[in-house]
Amino acid sequence: QVQLVESGGGLVQAGGSLRLSCAASGRTFSNYIMSWFRQAPGKERECIAMITRTGGATNYADSVKGRFTISRDNANNTVYLQMNSLNPADTAVYYCAAGRFPRVRPDDYDYWGQGTRVTISS
């Protein structure tokens, strides 16, 4: 079992920044690919950022590329999502997830956090 707890969400104005954190406990954090998903009201959950086990490679959805940065600290069992140039379309609940394979479907992930809400005002 891996327990994931997100933090760092909140309300910010358009153009602002937020940094989300996801703290992991349980099984060896470095064994898992970590991803950030988000789900806006009435929309499906989408994978927006992914990082490999060592942090050596990352991948982003086109909607966040160039604005968001995913990183991980395996010594402290934490994954981060730095979000810059936020706009109202980024409003969603953000989830971190741990999986064994570099995939984008939510069903391919084994463990999920409870989510943290991000609201961007115009």
How many angstroms lie between atom [atom1] of [X] and atom [atom2] of [Y], to the nearest 0.5 angstrom?
{"X": "Gln13", "Y": "Leu86", "atom1": "CD", "atom2": "CG", "answer": "11.5 Å"}
{"X": "Lys65", "Y": "Asn59", "atom1": "NZ", "atom2": "CG", "answer": "6.5 Å"}
{"X": "Arg67", "Y": "Met83", "atom1": "CZ", "atom2": "CE", "answer": "9.5 Å"}
{"X": "Leu11", "Y": "Arg117", "atom1": "CG", "atom2": "CZ", "answer": "11.5 Å"}

Can you give me the closest heavy-atom contact between [X] and [Y], atom names plus distance?
{"X": "Ser35", "Y": "Tyr109", "value": "OG-OH, 2.7 Å"}
{"X": "Trp36", "Y": "Leu20", "value": "CH2-CB, 3.6 Å"}
{"X": "Asn84", "Y": "Ser17", "value": "OD1-OG, 2.9 Å"}
{"X": "Ser122", "Y": "Pro88", "value": "CB-CG, 3.9 Å"}
{"X": "Gln1", "Y": "Tyr111", "value": "OE1-CE2, 3.4 Å"}
{"X": "Ala24", "Y": "Phe29", "value": "CB-CD1, 3.4 Å"}

Any side-chain heavy-atom pair of Tyr80 and Arg19 under 4.5 Å: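 Contact flag for Tyr80/Arg19 side chains = yes.
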
Can I get a per-line list of side-chain donor-acceptor pairs under 3.5 Å for residues 43-52, giving both atom names and the distance, sequence neighbours left out?
unit_1: Arg45; atom_1: NE; unit_2: Gln39; atom_2: OE1; d: 3.2
unit_1: Arg45; atom_1: NH2; unit_2: Gln39; atom_2: OE1; d: 3.3
unit_1: Glu46; atom_1: OE2; unit_2: Arg38; atom_2: NE; d: 3.0
unit_1: Thr52; atom_1: OG1; unit_2: Gly56; atom_2: N; d: 3.3
unit_1: Thr52; atom_1: OG1; unit_2: Ala57; atom_2: N; d: 3.1
unit_1: Thr52; atom_1: OG1; unit_2: Ala57; atom_2: O; d: 3.4

Count I, L, V, M, F, W, Y as connected when their side-chain heavy atoms are under 4.5 Å apart, and connections chain through other members. Are [X] and [Y] then in the same cluster?
{"X": "Trp112", "Y": "Ile33", "value": "yes"}
{"X": "Phe37", "Y": "Val2", "value": "no"}
{"X": "Val12", "Y": "Leu81", "value": "yes"}
{"X": "Tyr32", "Y": "Ile70", "value": "yes"}

query: Under the disulfide bond (SG atoms under 2.5 Å apart) rule, what pairs show up with a residue in residues 76-122, not counting sequence neighbours?
result: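 Found Cys22-Cys96.
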
- request: Take Arg53 and Ser30 through the test side-chain contact (heavy atoms from CB on, under 4.5 Å) and record every step on the way to the result.
  value: CA-CA 5 Å; Arg53 293 173 180 83; Ser30 60; 5.6 Å; no

field: Sequence-distant partners of Phe68, ring-ring contact (aromatic ring centres under 6.0 Å, His included), two or more places apart
entry: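 ring-ring contact (aromatic ring centres under 6.0 Å, His included) list for Phe68, sorted by chain: empty.
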
